[in-house]
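The block underneath contains the structure these notes are about, expressed in structure tokens.
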Amino acid sequence: MEDRKEIEKKLRKLLKPERYEHTIGVMYTAASLAMKYNVDINQAMYAGLLHDCGKYCSTSEQIHLCEKYGIILTKSELEMPALIHAKLGVYLAEHQYNVSSKEILQAIRYHTTGREAMTMLEKIIYIADYIEPGRKMIPILPKVRLAAFHNIDEAVYLSAGATISFLEGTSRPIDTLTIETYKYYKNQIGEK
């Protein structure tokens with residue numbers, strides 16, 4: 001794997017300043033959660049650092065790069081272009097930043113939608129992306145932040161539910177993985 005500081009330098013040049021700041025926030029939030037849940041801190045930092053590495057270009061460029069690299073996009077990803085960067089990010093992490101860890105690649109892949117039965121690293125990146133200190137304040141955020149350090153499954157449930165509610169309010173489509181994530185973690189924490 002490429003040196004983390006070198007990746008930081010590259011991303012600082014590629015990403016818009018606010019995206020880079022968010023990325024650093026996710027990296028350190030992921031490290032904090034990794035300490036709490038006894039997960040490899042280095043893996044959490046790499047996954048946090050690279051989670052949005054596919055967001056350095058426009059949506060049309062992301063689609064073009066996916067076609068170029070043979071990354072198959074689903075109908076819902078094409079309808080919700082904000083999801084595309086996760087799959088592109090996996091490819092870039094592996095081929096441009098020399099990440100071979102399947103755990104890190106999976107965490108990057110599912111950081112936007114989540115999925116059923118995520119690994120702890122996947123949950124950490126999913127939640128770190130949602131709660132990092134620079135996130136715009138929304139009503140549920142303090143509750144998710146508190147849950148993240150007490151019961152990460154509850155934090156996943158709350159954030160997936162908030163994402164679904166937000167998307168329903170905008171009439172945008174909801175990816176089935178997000179719905180499955182919500183239902184799975186609702187069941188995990190025993191919500192009725």
Side-chain angles (χ1 to χ4, degrees), residues 1-31 34 39-40 42-130 132 156 159-160 163 167 172-181 184:
M1 219 170 345
E2 196 169 322
D3 178 70
R4 199 176 74 242
K5 290 295 178 191
E6 288 303 311
I7 295 173
E8 285 181 43
K9 285 180 195 173
K10 288 179 181 179
L11 290 175
R12 182 185 290 273
K13 290 177 186 172
L14 283 173
L15 299 173
K16 291 180 180 171
E18 60 276 2
R19 176 68 47 203
Y20 179 76
E21 188 176 319
H22 163 72
T23 293
I24 297 303
V26 172
M27 179 178 72
Y28 284 115
T29 302
V39 168
D40 184 295
N42 207 35
Q43 280 199 323
M45 291 183 79
Y46 270 102
L49 180 61
L50 290 166
H51 84 285
D52 273 354
C53 68
K55 272 198 170 177
Y56 74 93
C57 57
S58 70
T59 300
S60 59
E61 289 173 280
Q62 289 175 32
I63 292 169
H64 169 73
L65 289 171
C66 286
E67 289 169 355
K68 177 180 174 180
Y69 299 137
I71 301 166
I72 299 182
L73 298 174
T74 65
K75 182 179 179 227
S76 65
E77 287 164 340
L78 291 168
E79 290 173 351
M80 295 175 288
L83 300 177
I84 295 170
H85 75 281
K87 279 186 176 175
L88 178 59
V90 170
Y91 181 90
L92 296 173
E94 188 172 10
H95 295 91
Q96 287 190 5
Y97 300 104
N98 303 311
V99 174
S100 59
S101 164
K102 295 291 182 226
E103 293 84 6
I104 292 172
L105 296 173
Q106 288 290 96
I108 294 168
R109 168 66 182 93
Y110 294 106
H111 84 271
T112 56
T113 59
R115 69 177 177 129
E116 293 181 357
M118 286 188 280
T119 66
M120 186 56 76
L121 181 60
E122 289 170 1
K123 288 187 269 192
I124 284 171
I125 301 307
Y126 178 83
I127 290 301
D129 186 35
Y130 198 86
E132 64 92 1
V156 171
S159 61
T163 298
L167 291 172
R172 287 193 248 173
I174 303 165
D175 190 85
T176 55
L177 281 175
T178 302
I179 295 167
E180 290 167 11
T181 300
Y184 180 86

**Asked** Is the backbone of Cys57 close enough, under 3.5 Å, to the side chain of Gln62 for a donor and an acceptor to pair up by distance?
**Response** yes
**Prompt:** Does His64 reach the main-chain N or O of Ser60 with its side chain, forming a donor-acceptor pair under 3.5 Å?
**Reply:** no
**Request:** Begin from the C-alpha positions of Arg109 and His51 and carry the test side chain to side chain contact (heavy atoms under 4.5 Å, CB included) through to its verdict.
**Result:** CA-CA 8 Å; Arg109 168 66 182 93; His51 84 285; over 6 Å; no
**Asked** So how far is it from His85 NE2 to Ile108 CD1, rounded to the nearest 0.5 Å?
**Response** 10.0 Å
**Asked** Roughly how far, to the nearest 0.5 Å, is SG of Cys66 from CD of Glu61?
**Response** 12.0 Å
**Request:** May I ask you to test the Ile63-Leu78 pair for a side-chain heavy-atom distance under 4.5 Å?
**Result:** yes
**Considering all heavy atoms, the nearest Cys53-Leu92 contact** = O-CD1, 3.7 Å
**Message:** Quick check: closest heavy atoms across Pro81 and Thr59, and the distance to 0.1 Å?
**Reply:** CB-CG2, 3.2 Å
**Prompt:** Is the closest side-chain heavy-atom distance between Pro173 and Leu167 below 4.5 Å?
**Reply:** no
**Taking every non-hydrogen atom, the tightest pair across Ile125 and Ala107** = CG1-CB, 3.7 Å
**Message:** side-chain hydrogen bond (donor to acceptor under 3.5 Å, both in side chains) for Ser76 and Asp175? Distances and angles first, verdict last.
**Reply:** CA-CA 6 Å; Ser76 65; Asp175 190 85; 2.7 Å; yes
**Heavy-atom closest pair, residues Ala86 and Thr112** = CB-OG1, 4.0 Å
**Asked** Would Arg115 and Glu122 pass as an ion pair if we require N to O under 4.0 Å?
**Response** yes
**Prompt:** Is a side-chain N or O of Tyr46 found less than 3.5 angstrom from the main chain of Arg4, in a donor-acceptor match?
**Reply:** yes
**Asked** If you measure from CD1 on Ile24 to CG on Leu11, what distance do you get to the nearest 0.5 Å?
**Response** 7.5 Å
**Message:** Between Arg12 and Glu8 (salt bridge meaning N to carboxylate O under 4.0 Å), is one present in this structure?
**Reply:** no
**Request:** Taking the side chain as every heavy atom from C-beta outward, state whether Lys13 and Tyr20 have any atom pair closer than 4.5 Å.
**Result:** no
**Item:** side chain to side chain contact (heavy atoms under 4.5 Å, CB included) assessment of Glu116 paired with Thr181
**Value:** CA-CA 5 Å; Glu116 293 181 357; Thr181 300; over 6 Å; no
**Request:** Could you pull out the closest heavy-atom pair between Ala30 and Ala128, with the gap in Å?
**Result:** N-CB, 3.7 Å
**Asked** Shortest non-hydrogen contact from Leu50 to Ala93?
**Response** CD1-CB, 4.2 Å
**Request:** First locate atom CD of Glu21, then atom NZ of Lys16, and finally report the distance between them rounded to the nearest 0.5 Å.
**Result:** 15.0 Å
**Item:** Short N-O contact, Glu6 and Lys10, less than 4.0 angstrom
**Value:** no
**Request:** Show the numbers, then the answer: is there a side chain to side chain contact (heavy atoms under 4.5 Å, CB included) between Leu88 and Tyr69?
**Result:** CA-CA 9 Å; Leu88 178 59; Tyr69 299 137; 4.2 Å; yes
**Request:** For side-chain hydrogen bond (donor to acceptor under 3.5 Å, both in side chains), just list the numbers for Ser101 and Gln43, CA-CA rounded to whole Å, side-chain angles, deciding distance to a tenth of an Å, and then say yes or no.
**Result:** CA-CA 8 Å; Ser101 164; Gln43 280 199 323; 3.0 Å; yes
**Distance in Å, His22 NE2 paired with Arg19 CZ, rounded so as to fall on 0.5 Å steps** = 5.0 Å
**Prompt:** For the atom pair OG1 (Thr163) and CD1 (Ile174), what is the distance rounded to the nearest 0.5 Å?
**Reply:** 9.5 Å
**Asked** Going by atom types alone, do Ser100 and Glu94 pair a side-chain donor with an acceptor below 3.5 Å?
**Response** no
**Fill in**
Tested for side-chain contact (heavy atoms from CB on, under 4.5 Å) against Glu77, the lone hit among Leu83, Ile71, Ile72 is Leu83
**Request:** For the pair Glu67 and Leu73, evaluate side chain to side chain contact (heavy atoms under 4.5 Å, CB included) and give the outcome as yes or no after the intermediate values.
**Result:** CA-CA 9 Å; Glu67 289 169 355; Leu73 298 174; over 6 Å; no
